[in-house]
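Report on one structure; see the data block that follows.
Proteins get letters first, then strands, A, B, ... in listed order; numbering begins at 1 in each.
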2 protein chains.
Amino acid sequence: MESRTVSIKDVADRAGVAVGTVSNVLNHPARVSAATRERVQGAIDELGFVRNDAARQLRAGQSRTIGLIVLDVGNPFFSSLARAAEDCAAENGSTVVLGDSGQDAGREARYIDVFEQQRVQGMLISPVGDVGPRVEALRSRGMPVVLVDRTDTQRRCSSVSVDDVAGGYMAVRHLLEAGRRRIVFVGARADYRQVADRLTGARQAVEEHDGAVLEVVEAEAMTVLAGRDVGGEIAQRRTGELPDGIFCANDLLAIGVMQAVLLIRGLRIPEDIALIGYDDIDFSASAVVPLSSVRKPTTLMGRTAVELLLEEIEGPASRRRQVIFDPELVERGSTQAAVRAAG
Amino acid sequence: MESRTVSIKDVADRAGVAVGTVSNVLNHPARVSAATRERVQGAIDELGFVRNDAARQLRAGQSRTIGLIVLDVGNPFFSSLARAAEDCAAENGSTVVLGDSGQDAGREARYIDVFEQQRVQGMLISPVGDVGPRVEALRSRGMPVVLVDRTDTQRRCSSVSVDDVAGGYMAVRHLLEAGRRRIVFVGARADYRQVADRLTGARQAVEEHDGAVLEVVEAEAMTVLAGRDVGGEIAQRRTGELPDGIFCANDLLAIGVMQAVLLIRGLRIPEDIALIGYDDIDFSASAVVPLSSVRKPTTLMGRTAVELLLEEIEGPASRRRQVIFDPELVERGSTQAAVRAAG
DNA sequence: ACGTGCTAATGAAACGATTCAAAAGCGCGC
DNA sequence: GCGCGCTTTTGAATCGTTTCATTAGCACGT
């Protein structure tokens, strides 16, 4: 339809001005007289001119784009973090482009390459495994990087993460404050650092409290189904051996436990057993008994990550900072002590 | 650390060859003798050279990037579709970059602009509202566009979508085949074309079946909570007036209905009431009674969308195609007729 | 008439990779 | 020693934008 692509030169010809003037209209409107500005704008509209970002970047040496690589876009934590990052970037005139590594190191590497070739301003990476070497290489070439949901133990770059020890502590302390003493921690074989941290926090809380005991039950996986198995096992215990509080390492497990406890034996939540999960997934609020949980401050994390990155972009000499957020307790029906009979 | 950025010129100097030779090593290795190739490669590694995509694109006039704009990355439908699109693109040497419009027309417009300025090869758009004019403008400038999860009634561009009428038909037909006759359709005030389509399909199925009746119940929203309200209302009906099959316009509603039906009155699923949802969200498989549902072929849709786009990129003269997929029935416990007593 | 002090507009140079016509290098037969 | 055919290498031109030193244009005071 149109001649292949419309360049700034075409616009200049059409408006009867020099290319530099067109560029000024686009980038420094104040430098151009109103009349000329209008004429150029008219030509732009008529011809349907769209800036060629490649040329602009080539000249500028830098783009206005931030690369964000997440482990799984399907995970609400990441999608919500991404949303926040986008908003914060937009406020600063940048755009976030998203890459989904799907926990695959190869895909992660691909995105890092693509983003570097695109000369993004910087990258936010939620790394798959050990990205130490990759990040080191990036940094040596002057590419700002901020790690997300992971601290850099060697302090090579800034990072934004969550204190899962504090989260575990918070959850169990909440159970203790609701008067529970026989606490069960349900977690999967602790491959994940995160699960181990949550357990550590749970232990701390119990140790601070005389008369409280913590039992650790291992689930097959971090899923609803595995939770149901664990819940079934617990529900079948003799009355004297029942726990009165359960902390699950994530919400899926907790929902499974809840299903089993409510249906298999007809125990009441929270009256007989108080239950709390972790992550505060969307679903938790609408479980049969709304599930208390521990929430990561995703929005804050997304914004902070972008801010740290921009800081580093503007002042490459700035110090690396490891920002660690405390998670937040979300109280819902599954731990509400209010209705509970005294004693 | 390093001198600002390493260009192909630096590599050429280091290796003692001309810039054209370096370029050939990168793009047409066969044209270069093995010895030279090795020397150049060595220089590249030593200097940590990274291709400047902006310059490459500027010269080539086109990138190897596809822009994908979705309504909500948090929605599993879109995240899974994105994953498939990425895979398919990767197989064809392209990369997908993701933009999340969050159902916001402004953000959608922003991403369209950014992608167009980046001269992406083409865009996959799951549009917020009426993108007719925008798409028209893009196309007039030669930018290939494929709509996702939406047909283009005016056939201006190719599209990939799902036949929700067929989905609704499928769901209710499944209930009928399980011997159910008193069917309830639960949907929200049908703002969404999609919900209306599902109801249309449901009606068709019922009309084909003598003695079957369909009742439509309106929920406040498409949420678990709203579903629970509807389920409570239904469960409290007198025995003779109970439905024996319920089709909910999405899984969230269905899960709410399930919670209410099971807990409030202790009815059995599927023995007393068979229940089926729509969308097949992750959670459905692990509901207390695993929920039957209707699934969109997300992976296929993602791949097809990319294929249609590539088709158009390679042959701009190719005809626009509206690909409409049939959804797929997912049978689970909530409709399993097997256990049901005869009669 | 001429210099001064403005603002507005100009256009060549630069960014870094790719392309391609031309040159260089080489082996070989006469 | 020379020309031929082949592969390998060269380097200037190109893409579209931004930048910035210059130039143009204009009003005003002397």
Using atom CZ of B:Arg56 as one end and atom C1' of D:dT17 as the other, report the distance to the nearest whole Å.
20 Å
Rounded to whole Å, the CD-P distance (B:Gln118 to D:dG16) equals 18 Å
Side chain of A:Ile8 - closest among C:dA8, D:dT17, D:dA12
D:dT17
Under 4.0 angstrom between B:Thr5 side-chain N/O and C:dG16 OP1 or OP2
yes
Answer yes or no on whether A:Lys296 is positioned over the face of A:Phe325, meaning its NZ or CZ is under 6.0 Å from the six-membered ring centre and within 45° of the axis.
no
Given atom CG of B:Leu58 and atom P of C:dT18, what is their separation to the nearest angstrom?
11 Å
Please confirm whether the shortest side-chain N or O distance from A:Asn52 to OP1 or OP2 of D:dT17 is below 4.0 Å.
no
Just to confirm, is there a sub-4.0 Å distance from OP1 or OP2 of C:dG16 to any side-chain nitrogen or oxygen of A:Arg119?
no
Spacing of CG belonging to B:Asp149 relative to CD belonging to B:Gln194, to within rounding of 0.5 Å
5.5 Å
Looking for any heavy atom pair under 4.0 Å, which part of the strands does B:Ser33 touch: base, sugar-phosphate only, or nothing?
sugar-phosphate
Any salt bridge linking B:Asp53 with B:Arg56? Criterion: basic side-chain nitrogen under 4.0 Å from a carboxylate oxygen.
yes
Look at the side chain of B:Arg59 against the base of C:dT18 and say whether a donor-acceptor pair falls under 3.5 Å; ignore hydrogens and angles.
yes
Contact class for A:Asp53 (heavy atom, under 4.0 Å): base, sugar-phosphate, or nothing?
nothing
Can you check the B:Gln57 CD to C:dC15 C1' distance for me, whole Å?
15 Å
Reckon B:Ser23 touches a base, only the sugar-phosphate, or nothing at all at heavy-atom distances under 4.0 Å?
base
What is the nucleic acid contact for A:Gly20, judged by heavy atoms within less than 4.0 Å: base, sugar-phosphate only, or nothing?
base
Has A:Asn27 got more than 12 heavy atoms of other residues, nucleotides or ligands less than 6.0 Å from its CG?
yes
Under-4.0 Å side-chain N/O to phosphate OP1/OP2 contact, B:His28 with C:dT19
yes
Distance check, rounded to the nearest 0.5 Å: A:Arg51 atom CZ versus A:Ser7 atom OG?
13.5 Å
Mind calculating the distance between CG (A:Asp13) and P (C:dG11) to the nearest angstrom?
11 Å
Looking at A:Thr21, I'd like to know whether one of its side-chain N or O atoms comes within less than 4.0 Å of OP1 or OP2 on C:dT10.
yes
Taken to the nearest whole Å, CG/B:Asp10 to C1'/C:dA17 is 13 Å
Whole angstrom is fine here: how far is it from CZ in B:Arg31 over to P in C:dT18?
12 Å
5' priority, DNA chain D, between B:Ala55 and B:Ala18 [closest heavy atom]
B:Ala18
Once you apply a heavy-atom cut-off of 4.0 Å, does B:Val22 come out as touching a base, just sugar-phosphate, or nothing?
nothing
What is the distance, to the nearest angstrom, from the CG atom on B:Asn24 to the P atom on C:dT19?
9 Å
Polar side chain donor-acceptor pair, B:Thr65 to B:Gln121, under 3.5 angstrom:
no
